[in-house]
Protein chains: 2
Amino acid sequence: MSKARGAEEVAAVDEVFRALAHESRRQILMVIQFRGGEMTAGQIADRFACAWPTTTRHLKVLEESRLLVVEKRGRVRVYRLAKERLLSVTQGWLAWFAPGADL
Amino acid sequence: MSKARGAEEVAAVDEVFRALAHESRRQILMVIQFRGGEMTAGQIADRFACAWPTTTRHLKVLEESRLLVVEKRGRVRVYRLAKERLLSVTQGWLAWFAPGADL
DNA sequence: AATATATTTAGCAGTTCTGCTCAATATAAA
DNA sequence: TTTATATTGAGCAGAACTGCTAAATATATT
């Protein structure tokens with residue numbers, strides 16, 4: 001049986017793959033992963049050569065694609081990696097190509 | 001032990017994720033997959049609403065990222081899906097986030 | 001309240017991407 | 001060799017993306 005793929009899921013795949021298209025955004029996800037799954041905007045921005053507002057915008061793209069979830073804590077913003085979404089959306093799409101693909 | 005990640009692999013990841021960023025290109029890969037792994041440029045272009053040269057360019061992006069391999073046969077060009085590269089490059093990157101990630 | 005800290009928003013310039021139309025090329029068939 | 005078929009290339013316009021600087025906002029500290 002093939003899994004139903006509604007417009008919502010198609011949109012999710014699009015948002016996620018679009019977000020993953022930029023090297024800096026992929027690096028942001030990795031940095032957060034290596035640092036235990038969450039980091040503040042400042043900790044993230046400090047690790048990149050580009051200007052802080054540039055990182056802010058990458059963070060926004062990641063947040064809009066729901067690969068990151070943000071939480072305000074006092075004056076910092078903590079970004080948490082939505083690892084489950086990252087894996088389920090990408091692997092979900094890639095499954096169409098997997099050896100035992102569900103055709 | 002973490003896998004060594006040379007500039008080449010980083011470039012491969014970038015090319016592949018960039019190629020996967022566009023919905024039409026993802027659809028092209030799926031269409032070829034469902035049709036058994038290879039199709040001519042014309043068969044592919046016929047399945048899309050956009051103008052043929054537009055599809056041609058998407059095919060070029062996919063070929064440059066080596067997700068498709070092209071072969072000239074008489075006056076047609078057969079595009080073959082490089083499923084192994086698709087899976088190895090994407091899963092290779094995603095593995096950093098997998099449950100038992102090799103940190 | 002004044003100041004410092006953390007982060008985002010606004011807005012601009014340059015680049016890249018997408019899709020189109022109108023050729024151009026290459027091979028096959030008549 | 002003329003004509004039809006299959007496909008790509010050139011070049012343009014508009015949209016989207018990226019990165020920057022300067023300014024705004026929001027919270028904490030003094």
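Here is how names work: the chains are called A, B, and so on, in the same order as the sequence lines, proteins then strands, and each is numbered from 1.
With rounding to the nearest 0.5 Å, the separation of CG in B:Leu29 from CZ in A:Phe97 is 5.0 Å.
Counting to the nearest Å, the C1' atom of D:dC17 and the NZ atom of A:Lys60 are 13 Å from each other. Atom CD1 in B:Ile28 sits about 13 Å away from atom C1' in C:dT18, given to the nearest Å. One can place NE2 of B:His58 at 18 Å from P of C:dT16, the figure rounded to the nearest angstrom.
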Kindly list each side-chain donor-acceptor pair under 3.5 angstrom involving residues 38-47 of chain A, sequence neighbours excluded, with atom names and distances?
unit_1: A:Glu38; atom_1: OE2; unit_2: A:Arg73; atom_2: NH2; d: 3.2
unit_1: A:Thr40; atom_1: OG1; unit_2: A:Gln43; atom_2: N; d: 3.2
unit_1: A:Gln43; atom_1: OE1; unit_2: A:Thr40; atom_2: N; d: 2.9

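Applying a 4.0 Å cut-off to non-hydrogen atoms, none of the residues of residues 18-27 of chain B approaches DNA chain D. For DNA chain C, none of the residues of residues 61-73 of chain A falls under the heavy-atom distance limit of 4.0 Å.
When hydrophobic residues (I, L, V, M, F, W, Y) are linked wherever their side-chain heavy atoms come within less than 4.5 Å, the members clustered with B:Val78 are B:Val76. Hydrophobic cluster membership of B:Val69, counting Ile, Leu, Val, Met, Phe, Trp and Tyr whose side-chain heavy atoms lie under 4.5 Å apart directly or via other members: none, as it forms a cluster of its own.
Evaluation of the salt bridge (Lys or Arg N to Asp or Glu O under 4.0 Å) rule for A:Arg66 yields A:Glu15 as partners, not counting sequence neighbours. Applying the side chain to side chain donor-acceptor pair (under 3.5 Å) criterion to B:Glu84, with sequence neighbours excluded, gives no partner residue. When the salt bridge (Lys or Arg N to Asp or Glu O under 4.0 Å) test is applied to B:Arg75, no partner is found at least two apart in sequence or on another chain.
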Close N/O contacts between protein and nucleotides 11-13 of chain D (under 3.5 Å):
none

Below 3.5 Å is the cut-off: list the nitrogen or oxygen pairs between protein and nucleotides 3-6 of chain C, distance only.
unit_1: C:dT5; atom_1: O4'; unit_2: A:Arg75; atom_2: NH1; d: 3.0
unit_1: C:dT5; atom_1: O2; unit_2: A:Arg75; atom_2: NH1; d: 3.4
unit_1: C:dA6; atom_1: O3'; unit_2: A:Arg75; atom_2: O; d: 3.4

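Of the possible polar contacts, one joining the A:Arg85 side chain to the A:Ser65 backbone as a donor-acceptor pair under 3.5 Å is found. Of the possible polar contacts, one joining the A:Thr90 side chain to the A:Leu86 backbone as a donor-acceptor pair under 3.5 Å is found. B:Glu71 places no side-chain N or O within 3.5 Å of a backbone atom of B:Arg77 that could act as its donor or acceptor partner.
Residue B:Tyr79 has no polar side-chain atom (N or O) positioned under 4.0 Å from OP1 or OP2 of D:dA6. Close to C:dT7, at under 4.0 Å from its OP1 or OP2, lies no side-chain N or O of A:Thr56.
For residues 60-87 of chain B, the set of pairs meeting the ring-ring contact (aromatic ring centres under 6.0 Å, His included) definition, not counting sequence neighbours, is empty. Sequence neighbours left out, the pairs with a member in residues 16-34 of chain B that pass salt bridge (charged side-chain N to carboxylate O under 4.0 Å, His left out) are A:Asp14-B:Arg26, B:Asp14-B:Arg18, B:Glu23-B:Arg26.
Residue A:Phe48 is classed as having no contact, given no heavy-atom separation below 4.0 Å to the nucleic acid.
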- A:Phe48 and A:His58: CA distance, side-chain angles, deciding distance, side chain to side chain contact (heavy atoms under 4.5 Å, CB included) verdict: CA-CA 11 Å; A:Phe48 290 87; A:His58 283 311; over 6 Å; no

